[in-house]
Amino acid sequence: MYQNLTTYNPEEIESKLYEEWERKGYFHEEVDTEKKPFSIVLPPPNVTGMLHMGHALDNTLQDILIRFKRMQGYNVLWMPGTDHAGIATQIKVEEMLAKEEGKTRYDLGREKFIERVWQWKEEYGDTIVKQIRSLGASCDWSRERFTMDEHCSKAVREVFCQLYEKGLIYQGERITNWCPRCHTALSDVEVEHEDESGHLWYIKYPVIGESNRFVTVATTRPETMFGDVAVAVNPEDDRYKDLIGKKLLLPFVNREIPVIADDYVDSSFGTGCVKITPAHDPNDFEMGQRHSLESIIVMNLDGSMNDKAGQFSGLSREKARIAVVDELTNMGLLATIEDHNHSVGHCSRCHTTVEPLTTKQWFVAMKSLAEPALKVVTDKHIEFVPERFTKTYTNWLESIRDWCISRQLWWGHRIPAWYCDDCGETIVSRDDIDVCPKCGSIHIHQDPDVLDTWFSSALWPFATMGWPEETAELKQWYPTSVLVTGYDIIFFWVARMIFQGLEFKKDIPFKHVFIHGLVRDSQGRKMSKSLGNGINPLDVISEYGADALRFTLVTGNTPGNDMRFYMERVEANRNFANKIWNASKFVLMNLDDFDEQFTPNDEDLTLADKWIIEKYNEAVTNITSNLDKFELGEAASTVYDFIWNTYCDWYIELAKPRLYNKQGGRDRQTVQYLLVTILRHMLELLHPFMPFVTEHIWQHLPHEGESIVIAKWPTALHFNENIEAAKTMEIVMDAIKGIRNMRAEMNVPMGKRSEVIIAITDESLRKTITEHDDYFITLAWAEKVTILDKDAVKPENATVTVVNGLEAYLLLKDLIDADKEKSRIVKDKESVKKEIMRLEKKLNNEGFLSKAPKTVIEGERLKLDEYKQKEQALLEREAFLETL
């Protein structure tokens, strides 16, 4: 009647099922105000990206929540899309141009280069989207967005103009992180700091008017000394109080610079005298602002020295450092050199060492935006899961600096600002302009810079839903329900979405921020190309299936913590899928006379039936509760344990005698009903975690509806409460487990049956055990079950397991062939004796003891102790057998 399953092959079923789900529109929902909304925005991967384990984890967690809520009947939206990734994409296309055509972007010009980037995006930009699909992610692809599509671009320009009109966006000369390779400014969070071995160079600056007196400064960057405008000391440092206000002569350029006092100076670092280079150090820049010092830039934008460096002009900063140190040595102005480990910033995209550099940039003033963004988190309108990441978020916002949003790139959202060449007016406009509104000149040009990529992705929760129009999608699904992301972009993205949402939607962008950690290799190392330890999730999917990968990622995951990835666990989870498959095949094979209209009464239920119903109801409650609390790993472990242990290993085995009884009547119908009903609901509980195998099996079972994707989330089975019956069943199961363990310890062959003798210690159990002695025959390989009378003598020469309410005995004579066991022991004793003699001889050999390493000698002594213990155990076993 019901089509049986073939061999489980994920490669055959996964892609076909996903195509069918998309074709039938299961991932798309129209706005339905009658339903409770649930929404997530997909953290938009870069169009340059390839699926890695971090993506796989992030998308799996989101998909679990989305599938769960969809089955619960929520009006669900999972909004997907990709990010234009300004720097990364421009680098990618520039590299392609150089390799294939030997050209730079300047050879093409801005307009042609942008056309080429769009061509590249159309050809390669959806690669990661296809890969996300292979994972089973049930995004609403009909609503897919791109950060530079027409609607998102309109939202970006509107936000820029509004912030500018409120005075929150301004242009100014500030020190920023400059990448000499990418030729652009970077925000603080786009700089990766790495500890490097370097040096502290101690340079002597002559004190003007005092012969043979010098002030010695310690610096890690002697090549920037041409931009020094002062030397600072701490005002409380008695060593240098008499120098404050005096002038020093800056070597090479022979410029006079003052000695100033500032509390920022750490008297314990170096000599306690600090060279101040405002154009090339962020702390010096702040000090320069406080003391109204000049800012002198000594480098070009490519990191080479400019004409301010005099004889070193044109050298790279690295070569200039070497040349400056050599020349200072020759001049007798280098006091000493010390080894010094320090943190060095690198561009997060190309890994070039970042140069702090004063340039003219666009900034967002952050103070008034950060305050409400802090408040909504401290007031718990937005909650971090786990809660400890609240501190990470608040610490950053409390010390936030103004955000540099301009990038010297060609690919990205062009800054909507125009400059009049005739009157000097700056015009910020929502629409492109070609005439100066102030003087009427047509000699105007647009700012060449583009916006930081994170400026547009900060608008993602509302720009993707149609803002600045007030759409039905915004009304229904904003604020979104939860943001799922890694802890590494709390600063990049999470904080910025919060303050932009509050500013432009007057509401939080999401209610929960569910933070996950990194996926590391089996040794706990971060996956990287340099280590060669990266694992491609697509390779894992190809070999084991998406379900096995997903289940591995979620069961190894606790919120906020890094996880180690083991291929052995993927294989084990593939075995789990096989276990479900084979259990389902068994059930389907026994449904030839299944009556879909039959529903058992409470009176039809056996002890095992009552137990499985209670365990199932308990599992539903726990899984649902843990999913609601974002404890996805706990939920997955619960469903795994219920399926593997409770249903497959126990209930199916207990059900077999009743299934095989073709004349079973209501008893057979009852067990069929429970096997099918609980299996179907188990698949529904497992579906968010393993969508493909669950759908395939579900379609073979008796069911209602088109697909498990849109099936109702399971609820408890409605029978009378059977908690006490379930407890009794657990006692029986404990006894059966004890009997199995005794047989294993005695090396009893699997097929050999023996009598089980049961002594009841809790008389309330006698009737139950008497009526269900068949459980021991089925699952404890009992030849027969003897239940002792209350006052009967307990057997001797027997092994016993004691559980709450009863004792179960196995007669040793039934389990052991004493003569055969004695013969085996004699052989084992001879073998052990030989090893003891060999080891004793070795450990009495002075030559071995004098030459062998201590660890080897200790290892041999441990072996000797182990063999002596084994010999003793064999002697005791031999003596015991003599008593039988």
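Numbering starts at 1 and runs along the sequence shown.
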- Query: More than 12 non-hydrogen atoms from neighbouring residues, nucleotides or ligands closer than 6.0 Å to CD on Glu11, yes or no?
  - Reply: no
- Message: Under a 4.0 Å threshold between the charged nitrogen and the carboxylate oxygen, would Glu383 count as salt-bridged to Lys511?
- Response: no
- Task: Kindly determine whether Ser707 and Trp21 satisfy side chain to side chain contact (heavy atoms under 4.5 Å, CB included), including the steps that lead there.
- Result: CA-CA 9 Å; Ser707 168; Trp21 290 337; 3.9 Å; yes
- Message: Any donor-acceptor pair under 3.5 Å linking the side-chain atoms of Arg67 with those of His687?
- Response: yes
- Task: Answer yes or no: is there a donor N or O on one side and an acceptor on the other, between the side chain of Asp762 and the main chain of Ile760, under 3.5 Å?
- Result: no
- Query: If only atom types and distance count, is the side chain of His696 paired as donor or acceptor with the main-chain N or O of Phe692 below 3.5 Å?
  - Reply: no
- Message: Contact between Val748 and Ser754 at the side-chain level, heavy atoms closer than 4.5 Å - yes or no?
- Response: no
- Query: Do side-chain atoms of Asp602 reach the backbone of Asn720 as a donor and acceptor pair under 3.5 angstrom?
  - Reply: yes
- Item | Main-chain N/O of Val693 paired to Asp547 side chain as donor or acceptor, under 3.5 Å | yes
- Query: Between the side chains of Thr558 and Asn561, does any donor sit under 3.5 Å from an acceptor?
  - Reply: yes
- Answer yes or no: is there a side-chain heavy-atom contact under 4.5 Å between Asn626 and Ser637? no
- For residues Phe598 and Thr670, report the shortest heavy-atom separation together with the two atoms involved. CE2-N, 3.6 Å
- Task: Output the distance between atom CD1 (Ile777) and atom CD1 (Ile736), rounded to the nearest 0.5 Å.
- Result: 10.5 Å
- Do the side-chain N and O atoms of Asp593 and Gln672 include a donor-acceptor pair separated by under 3.5 angstrom? yes
- His55 side chain to His52 backbone, donor-acceptor under 3.5 Å: yes
- Heavy-atom nearest pair, Ala137 first then Phe27, reads O-CE1, 4.2 Å
- Please round to the nearest 0.5 Å and tell me the distance separating atom CG of Leu674 and atom CG of Leu605. 6.5 Å
- Item | N-O pairing of Glu783 and Lys752 below 4.0 Å | no
- Task: Assess Arg133 against Trp141: is NZ or CZ under 6.0 Å from the centre of the six-membered ring, and within 45 degrees of the ring's axis?
- Result: yes
- Has Lys36 got more than 12 heavy atoms of other residues, nucleotides or ligands less than 6.0 Å from its NZ? no
- Between the main-chain N or O of Pro749 and the side-chain N or O of Arg743, is there a donor-acceptor pair closer than 3.5 Å? yes
- Item | Trp78 and Ser39: side chain donor to acceptor below 3.5 Å | no
- When you check the side-chain N and O atoms of Glu614 and Tyr616, is any donor under 3.5 Å from an acceptor? no
- Message: Could you check whether atom NZ of Lys24 has more than 12 heavy atoms from other residues, nucleotides or ligands sitting under 6.0 Å from it?
- Response: yes
- Message: Once rounded to the nearest 0.5 Å, what's the spacing between atom CG of Leu591 and atom OH of Tyr673?
- Response: 14.0 Å
- Note: Arg668-Asp592 ion pair, threshold 4.0 Å (strictly below): yes
- Message: What I want to find out is whether Lys767 reaches Glu771 closely enough, with some N-O distance under 4.0 Å, to be called a salt bridge.
- Response: yes
- Item | CA sep, side-chain torsions, deciding dist, call: Lys610, Glu724, salt bridge (Lys or Arg N to Asp or Glu O under 4.0 Å) | CA-CA 9 Å; Lys610 294 173 181 177; Glu724 289 305 315; over 6 Å; no
- Message: Counting neighbours of CD on Glu704 that are heavy atoms of other residues, nucleotides or ligands and sit closer than 6.0 Å, is the number greater than 12?
- Response: no
- Query: Counting N and O atoms only, with roles assigned by atom type, does the side chain of Glu755 sit under 3.5 Å from a partner on the main chain of Ala782, one being a donor and the other an acceptor?
  - Reply: no
- Query: Any salt bridge between Asp628 and Lys69, counting N to O under 4.0 Å?
  - Reply: yes
- Query: For the rings on Phe68 and Tyr74, is their centre-to-centre separation under 6.0 Å?
  - Reply: no
- Glu20 and Tyr26: side chain donor to acceptor below 3.5 Å: no
- Taking 4.0 angstrom as the limit, do Glu603 and Arg666 come out as a salt bridge? no
- Message: For Arg574, is there an ion pair with Glu571 - N to carboxylate O distance below 4.0 angstrom?
- Response: no
- Task: Determine yes or no for a side-chain-to-main-chain donor-acceptor pair under 3.5 angstrom, with Ser625 supplying the side chain and Asn622 the backbone.
- Result: no
- Item | Asp63 side chain to Ser138 backbone, donor-acceptor under 3.5 Å | yes
- Query: Mind checking whether Tyr487 and Phe389 have parallel, tilted or perpendicular rings, split at 30° and 60°?
  - Reply: parallel
- Message: Can you see whether Phe586 has Lys656 sitting over its ring - NZ or CZ less than 6.0 Å from the centre and within 45° of the normal?
- Response: yes
- Query: Is there a donor-acceptor pair under 3.5 Å between the side chain of Arg550 and the backbone N or O of Phe689?
  - Reply: yes
- Is it true that the NZ or CZ of Lys579 lies under 6.0 Å from the centre of Trp644's six-membered ring and within 45 degrees of the ring axis? yes
- State whether a side-chain donor-acceptor pair under 3.5 Å links Tyr651 with Asp609. yes
- Decide salt bridge (Lys or Arg N to Asp or Glu O under 4.0 Å) for Glu730 and Lys615; before the verdict, give the C-alpha distance in whole Å, the side-chain angles of both, and the deciding distance to 0.1 Å. CA-CA 11 Å; Glu730 297 280 358; Lys615 297 300 287 184; 3.6 Å; yes
